[in-house]
Amino acid sequence: NQLVTLPQDIDKMVSLTAIDLSYNQIDHLPWQLGQLTNLKSLLLVGNPLKTLPEQLRLGLTRGDAASDPTIVSKLLAHLRQVQTTSTPCH
């Protein structure tokens, strides 16, 4: 796969419970992903993620999200925090 980014309007997919984005070229995740409160499974193995806290990035790289559901909730919480502290681009 060759995805580089996710659409910014991904937060409109409110019923989404699982996303497999493994083995793409994604280096950051949009804060909008943090709005998907029903998301329980997020697979990101094999992506060059750069903008996550080290603990989350290592867990996602090892594929621990499958065995540790708190990683997904920590990731979503981090993305929500990014959204509230970032300056919008104009």
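Side-chain atoms are counted along with the backbone in the values below, which use heavy atoms only and exclude waters and symmetry mates.
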Original post:
Looking at side-chain heavy atoms only, is the closest gap between Val14 and Thr37 below 4.5 Å?
Top reply: no
Original post:
Is the side chain of Asp27 donor-acceptor paired with the backbone N or O of Val4 at a distance under 3.5 Å, no angle test?
Top reply: no
Subject >> Point-to-point distance, once rounded to the nearest 0.5 Å, from CG of Asp9 to CD of Gln32 >> reply: 8.5 Å
Original post:
Looking at CE of Met13 and CG of Leu39, how far apart are the two atoms once the value is rounded to the nearest 0.5 Å?
Top reply: 10.5 Å
Original post:
Which side chain to side chain donor-acceptor pair (under 3.5 Å) pairs, counting each pair once, include a residue from residues 11-24, with sequence neighbours left out?
Top reply: Asp20-Ser22
Subject >> Gap separating the CG atom of Leu36 from the CD1 atom of Ile19, nearest 0.5 angstrom >> reply: 6.0 Å
Original post:
Of the non-hydrogen atoms in Pro30 and Pro7, which two are nearest, and what is the gap between them?
Top reply: CG-O, 4.4 Å
Subject >> Interatomic spacing from CG in Leu3 to CG in Leu6 - rounded to 0.5 Å >> reply: 7.0 Å
**OP:** Output, in order, the C-alpha distance, side-chain angles, deciding distance and verdict of side chain to side chain contact (heavy atoms under 4.5 Å, CB included) for Thr5 and Ile26.
**Re:** CA-CA 5 Å; Thr5 188; Ile26 299 169; over 6 Å; no
